[in-house]
Amino acid sequence: MTERDPRGDPASALLAVDALSVDYGPVRAVDGVSFTVRRGQTLGLVGESGSGKSTAVLGALRLLPAPGVVTGGSVRLAGAELLDLDAAGLRNIWGAQVALVPQGALSSLNPVLRVLDHFAETFTAHGVKPEGGVRACAAALLSRVGLDPVHLDSYPHALSGGMRQRVTIALGLALNPPLLVLDEPTTALDVVVERDILRQLLAAQDASGFAMVFITHDVALLLELASAIAVMYAGRLVERAPSEVLAADGALHPYTRGLLAALPPSPGEARLPVSIPGHAASVADPPSGCRFHPRCASAIDRCRTEAPALRVAGPDHVVACHVVELGVSSPKPGAP
Amino acid sequence: MGPLIQLGRRLGLYALAAWVALTLNFLLPRLMPGDPAQALYARFQGRIEPAALDSLRVTLGLSDAPLATQYVLYLQQLAHGELGTSLVYFPEPVSAVIGTGLGWTVFLAGGALVVSFLLGSTIGALAAWRRGGWLDTVAPPLLSFLGAFPYFWMAMAAAWGLGFELGWFPVRHAYGPEVQAGATLEFVASALRHALLPGATMVVASLGGWVLTMRNAMLVVLGDDPIRYAQARGLPPGRIFLHYAIRNALLPSLTSFGMAIGFVVSGALLTEIVFAYPGQGYLLLQAVRGQDYPLLQGLFLTITLAVLGANAVVDALIIALDPRART
């Protein structure tokens with residue numbers, strides 16, 4: 001099934017993903033997911049492992065390795081349809097219009113090339129001759145992400161995990177793309193390094209004004225970092241809201257509320273973390289109706305049979321749940 | 001630690017291994033019961049005078065001097081390239097006999113190995129790059145099929161069919177009787193013409209192995225993160241193929257190549273027998289048949305040193321190609 005975003009306005013968005021579906025053979029890993037990213041905005045995409053968050057974004061950018069196949073939907077980057085582009089067209093986009101900071105950043109650099117070579121080949125691939133030379137430009141990029149430019153002559157194996165992550169972020173910024181996609185960029189790092197890298201990243205965003213899609217399973221991180229948060233469960237989008245709304249206890253979907261309740265309380269907060277019962281549903285054998293219903297305390301009969309459509313709950317806020325009572329003031333164009 | 005120190009340390013290890021091999025080569029025949037002179041004497045069953053045994057011992061460099069003295073003498077002779085006198089090719093010195101055989105073997109087997117490695121790795125790399133394409137569908141099974149024939153059978157079939165029946169290639173010897181050995185164009189052309197058929201059979205027999213090694217290494221590398229990250233940065237396919245896929249997939253193949261180079265020197269025994277080619281393998285066979293101890297010792301020494309030398313060269317090559325090997 002597909003769910004159309006009732007408030008989607010693809011024309012004004014930098015990245016507009018509409019009703020995207022991705023299959024792995026017979027398994028539908030991503031089922032009709034829609035989201036938009038405006039220029040300079042940070043969208044956080046959150047969900048458990050296997051919820052399809054990385055698959056949705058990589059599929060949208062045509063970067064998904066086989067056997068993953070995009071089977072439906074539309075992806076417009078600055079107005080251009082990515083799903084129609086040929087290999088040469090995609091190569092022009094990748095790195096220049098949208099840069100990826102890969103999930104396996106620790107193993108993503110070429111072991112036989114120096115850090116400088118990675119910058120040089122990226123510039124060359126896009127026919128860019130940086131002012132002042134490749135070395136000076138790469139050194140400036142490394143400095144921006146808090147890495148000493150002496151490492152330009154290092155090989156990847158000589159760098160620590162945090163350093164390699166900084167290199168991939170600097171490479172992402174190299175061509176000054178309007179959109180940076182970060183696939184769990186800090187998951188493998190310790191908290192101190194993670195904080196420092198995120199600080200540098202936000203500083204770079206302030207300076208350059210690029211938009212970000214930040215994929216993670218860490219909701220707490222997104223509440224600080226993202227302007228909007230999209231929550232995925234078992235291949236579907238269940239809720240999308242401005243992060244202030246979620247931070248102010250405005251989450252509507254039981255799964256989103258469960259994720260937030262599972263966070264450790266901030267100092268002085270009088271509550272204990274509560275985890276969601278059960279295990280994440282598998283996209284290979286998804287539950288009928290609403291995929292979250294087996295774990296949902298508020299589930300009603302309708303949840304077992306009918307998949308809920310996304311409904312508008314407020315400004316920039318949509319939710320896919322039968323049980324949630326929406327405010328009278330909200331229009332319900334998607335409601336049955 | 002710099003690459004040069006790293007390289008120096010490895011070369012030191014190889015020097016040590018070479019010294020151990022030289023010493024064993026010295027000790028083994030002297031620890032065995034009997035000696036070559038007695039073996040030769042026994043072979044002639046009383047047809048030579050007992051007094052001749054002593055002169056034979058002197059000729060073969062055997063003495064009753066203390067082992068240490070013999071060892072020093074052995075090292076001195078070795079330093080001058082003296083390996084004794086061959087019995088089978090008496091009175092040729094062993095160094096001269098091996099020198100000729102080594103030249104032909106390196107030319108034939110070494111050439112075939114290089115051609116096979118380059119051709120096989122290229123086919124394997126292209127097959128993996130276009131996985132499921134026509135090259136990938138045809139080449140690995142066909143070459144494995146050809147490589148599965150018993151080598152001597154294939155070599156004889158080639159010699160009979162292409163050499164004898166069709167008469168396209170000479171079927172024996174390293175060069176024709178009509179040319180004089182020397183640095184002339186005719187000689188080089190004749191040597192090449194004579195090496196073509198035996199070389200081709202060696203390439204056909206070994207090509208499948210190189211294709212599969214390279215193809216499998218490529219498939220692993222192609223599924224790795226650096227390739228996908230290179231695509232995500234918009235790098236062109238040519239650069240990804242050369243600098244990401246080949247550079248990384250070649251490293252394991254290179255190690256096998258190094259070991260194969262070392263064993264080239266031991267001769268392509270079957271090839272040299274089928275095509276009556278005067279290489280190392282042919283010499284080894286003659287030496288064993290004729291109980292030619294000095295020649296055998298010399299051959300073992302050459303083989304050991306060649307294996308060590310080839311490994312040292314490949315080590316240096318890997319240090320040059322793989323930055324991870326430098327630390």
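Order of the sequence lines fixes the chain letters, A, B, ..., with proteins taken first and strands second; residue numbering starts at 1 for each chain.
- Residues Pro236(B) and Ala125(A) come closest through the heavy atom pair CD-CB, 3.7 Å.
- Identified by a heavy-atom distance below 4.5 Å to chain B, contributing residues of residues 137-147 of chain A are lacking entirely.
- Residues of residues 208-219 of chain B lying within less than 4.5 angstrom of chain A, judged on heavy atoms, are absent.
- Put simply, the side chain of Arg233(B) never gets that close to the backbone of Glu121(A): no donor and acceptor are under 3.5 Å apart.
- The shortest side-chain heavy-atom distance between Pro102(A) and Arg228(B) does not fall under the 4.5 Å cut-off.
- Options Ala99(A), Gly95(A), Ala158(A) differ in how many heavy-atom pairs under 4.5 Å they form with chain B, and the most are formed by Gly95(A).
- Between Arg91(A) and Pro237(B) the shortest side-chain heavy-atom distance falls below 4.5 Å.
- The two residues Tyr229(B) and Leu109(A) come nearest to each other via the heavy atoms CE2-CD2, 4.0 Å.
- Taking Tyr151(B) as the reference, nothing meets the ring pair (Phe, Tyr, Trp, His ring centres under 6.0 Å) condition, with sequence neighbours excluded.
- Asn110(A) and His243(B) make their closest contact through ND2-O, 2.8 Å (heavy atoms, listed as atom of the first residue, atom of the second, distance).
- Contacts with chain A were tallied for Asp224(B), Leu235(B), Leu251(B); Leu235(B) has the most, counting heavy-atom pairs under 4.5 Å.
- Looking only at side-chain heavy atoms (C-beta outward), Val112(A) and Asn248(B) come within less than 4.5 Å of each other.
- Contact record, Ala232(B) with Trp94(A): O-CB, 3.3 Å, taken as the closest heavy-atom pair.
- Close approach to chain B, defined as a heavy atom under 4.5 Å from one of its heavy atoms, is seen in Thr168(A), Leu171(A) of residues 167-178 of chain A, taken by number.
- Interface remark: Ile227(B) contributes no atoms to any contact with chain A (heavy atom separation under 4.5 Å).
- Counting non-hydrogen atoms of other residues, nucleotides and ligands closer than 6.0 Å to CZ of Arg239(B) gives a total above 12.
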